[in-house]
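Structure first, commentary second.
Just so it is clear, the structure is predicted and the values come from calculations on it, not from any experiment.
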Amino acid sequence: MLVQFMVKNVLSFRDETILDMTAINAYKEHECNLIDIGAKDKFVRVAAIYGANASGKSNLNIAMRYFQKIVIESLNNVDNGEDTVLKRYYVPFSFESNNENSEFQIIEIVGEDEYKYGFEYNSEYIVTEWLYRKNLNTNRTSIIFERTTENVEFGASVRKECELYKDQIPTETLVLSFFNKLKLKTEVFKTVYTSIMDTLVVSTDFCEDQGLLETMLPRIIDEEKEDLLRFLNAIDTGIKDIGYDDNEKEISFFTVHKGRDDKYYPLGLYCESEGTIKSIMLFIYARMVILHDKSIFVDELNVKLHPLLLKFIIDLFYNNNSEAQLIYTTHDTTLMDKKFFRRDQIWFVQKDQFGYSELSALSDFKVRSDASFEKDYLAGVYGGIPFLKEYAMKEGE
């Protein structure tokens, strides 16, 4: 379960920026919107991030993807003539002449432990890296490792196993990535690595990714068709059945609709609306995330979805039996309402005149008890809206 994600000097987020999924205990509304694991804190199931075009809100999704890419690929930083993963994913704030180090940190809960993992890097090497574990029952924090450019210091729980290898870790390789690949008695490295990868990152155009459908939809149809059809019926697509034809060259999907004459007619899946195709892909993602207690970042979730369908998708994550989380960016303010969201679930990204993106929560503002979140947002009270100037299109110009 995701607790915090921090970025610093990555893309448009020049200064330290933290997305915090920890619920504010003083807020008593919408308790069903929270994950309660029996600890001191509770955590929000859904976070909505608003911002103007070019504000940088999509960069939070991209930053999470870059963070994961470095964790996955840093062990393979071989010199084969191509850029290393650090060079590819070192993307500091662009509008300054001095490029400083970039930094990521994630805090996640796995079982009875909270893990804090992060690293500082540039295009050439890892500058610092750290991993801490806190037991939620005892509140005791222990060091797994701390790394600088000169040395790696291991905590007592892993020192005996790991000390032997520390001089073999290349300067451009993460300690976490290195030890995740080794067969050790301790499971801590694999636990943290797996937890990081359990966060799915979905781009705006994911509904155009036919490869995902060809990979996953056949299994869904074979094993979980009834659930998919109930979902498609619930969102009023008119689809009565769904199937596929598979041969050696290609796979084709089809849906079935009922005509006025009570007969059933097939239709190629890609003849369905883009909203329907996106809904099917969201079903695949949501089911995977919810059943396995994962987190998912989705950029521009509202695109091609009616506001009521958007709410339907979000409501899937308010499942008391799951610890799944949804973080999404959007322009759609329809659901920015106290009837649906707590103040600690709504976030804004604002970019200043020098290109700095800043992330803030609605809970950072003093909000009247009778305030309309949407009305105040569109009026500019919370930021995260475009600054539009007067412009007229004239003939001959």
Side-chain angles (χ1 to χ4, degrees), residues 2-8 10-36 40-61 63-64 93 105 107 295 297-302 307 310-311 314-315 317-318 325-389:
L2 180 65
V3 178
Q4 280 187 8
F5 179 55
M6 184 278 286
V7 300
K8 182 179 180 181
V10 178
L11 299 165
S12 59
F13 293 105
R14 173 63 181 85
D15 299 325
E16 181 176 284
T17 301
I18 298 175
L19 174 69
D20 194 340
M21 302 294 283
T22 308
I24 295 177
N25 290 329
Y27 299 163
K28 303 304 179 184
E29 66 268 27
H30 300 305
E31 288 287 327
C32 61
N33 292 15
L34 304 180
I35 300 170
D36 186 354
K40 180 182 72 172
D41 292 318
K42 298 178 183 179
F43 306 91
V44 299
R45 298 179 184 274
V46 177
I49 303 173
Y50 294 85
N53 291 327
S55 64
K57 64 185 184 299
S58 296
N59 285 344
L60 205 60
N61 279 40
M64 174 61 82
F93 183 73
Q105 179 176 275
I107 301 176
S295 303
F297 281 66
V298 184
D299 194 23
E300 302 290 6
L301 178 60
N302 61 292
L310 176 63
K311 183 178 184 301
I314 292 169
D315 285 347
F317 286 80
Y318 294 136
Q325 293 167 297
L326 168 66
I327 300 99
Y328 71 95
T329 67
T330 182
H331 292 292
D332 190 329
T333 60
T334 310
L335 301 182
M336 191 187 285
D337 194 297
K338 64 183 67 178
K339 292 186 296 184
F340 309 124
F341 282 123
R342 295 161 50 98
R343 284 164 283 175
D344 48 11
Q345 291 184 271
I346 297 175
W347 294 77
F348 308 104
V349 177
Q350 176 80 39
K351 184 181 285 186
D352 70 12
Q353 59 181 324
F354 302 110
Y356 288 69
S357 291
E358 297 180 355
L359 179 69
S360 58
L362 180 57
S363 55
D364 295 334
F365 298 85
K366 291 184 178 180
V367 181
R368 303 187 321 273
S369 60
D370 62 342
S372 166
F373 298 166
E374 180 184 23
K375 182 179 178 181
D376 286 350
Y377 169 66
L378 295 176
V381 174
Y382 313 126
I385 61 171
F387 296 108
L388 304 178
K389 298 178 177 63

Ignoring hydrogens and angles, tell me if any N or O in the side chain of R343 forms a donor-acceptor pair with the backbone of I24 under 3.5 Å.
-> no
Derivation of the side-chain hydrogen bond (donor to acceptor under 3.5 Å, both in side chains) call for D332 and T334 | CA-CA 6 Å; D332 190 329; T334 310; 2.4 Å; yes
Between the side chain of S357 and the main-chain N/O of S55, is any donor-acceptor distance below 3.5 Å?
-> yes
In this structure, CE of M64 is separated from CG of L19 (nearest 0.5 Å) by 8.0 Å
Which of parallel (below 30°), tilted (30 to 60°) and perpendicular (above 60°) describes F348 and Y50?
-> tilted
Rounded distance (nearest 0.5 Å) linking atom CG of L60 with atom CD1 of I327 | 9.0 Å
Do you see a donor-acceptor pair shorter than 3.5 Å between the side chains of D344 and S363?
-> no
Can you measure from OG1 (T330) to CD1 (I314) and round to the nearest 0.5 angstrom?
-> 8.0 Å
Go through the steps to decide whether T22 and D41 satisfy the test side-chain hydrogen bond (donor to acceptor under 3.5 Å, both in side chains), and finish with yes or no.
-> CA-CA 7 Å; T22 308; D41 292 318; 5.3 Å; no
R342 side chain to Y27 backbone, donor-acceptor under 3.5 Å = yes
Do side-chain atoms of N59 reach the backbone of V10 as a donor and acceptor pair under 3.5 angstrom?
-> no
At what distance, to the nearest 0.5 angstrom, does CE of M21 lie from CG of L2?
-> 6.0 Å
Could you check if a side-chain atom of N33 sits within less than 4.5 angstrom of a side-chain atom of R45, using non-hydrogen atoms only?
-> no
Which value, rounded to the nearest 0.5 Å, describes the distance between K351 atom NZ and K57 atom NZ?
-> 10.0 Å
Can you name the ring-ring contact (aromatic ring centres under 6.0 Å, His included) partners of F93, sequence neighbours left out?
-> F95, Y356
Minimum-distance pair of heavy atoms, taken over all atoms of K42 and D36 | CE-OD2, 3.5 Å
Hey, does V46 have a side-chain heavy atom less than 4.5 Å from the side chain of F341?
-> yes
On a heavy-atom basis, the closest approach of V44 and Q325 is O-NE2, 3.3 Å
Residue pairs fulfilling salt bridge (Lys or Arg N to Asp or Glu O under 4.0 Å) with at least one residue in residues 354-365, sequence neighbours excluded = none
Tightest non-hydrogen contact, residues E300 and T329, listed as N-OG1, 2.7 Å
Are the side chain of K28 and the backbone N or O of N25 linked by a donor-acceptor pair below 3.5 Å?
-> yes
Residue pairs fulfilling salt bridge (Lys or Arg N to Asp or Glu O under 4.0 Å) with at least one residue in residues 12-22, sequence neighbours excluded = R14-E96, R14-E100
Heavy-atom pair with the smallest gap, counting every atom of F340 and L335 | CD1-O, 3.7 Å
Flag, side chain of H331 to backbone of G51, donor-acceptor distance under 3.5 Å = yes
CD1 of I18 to OG of S360: how many Å apart, nearest 0.5 Å?
-> 13.0 Å
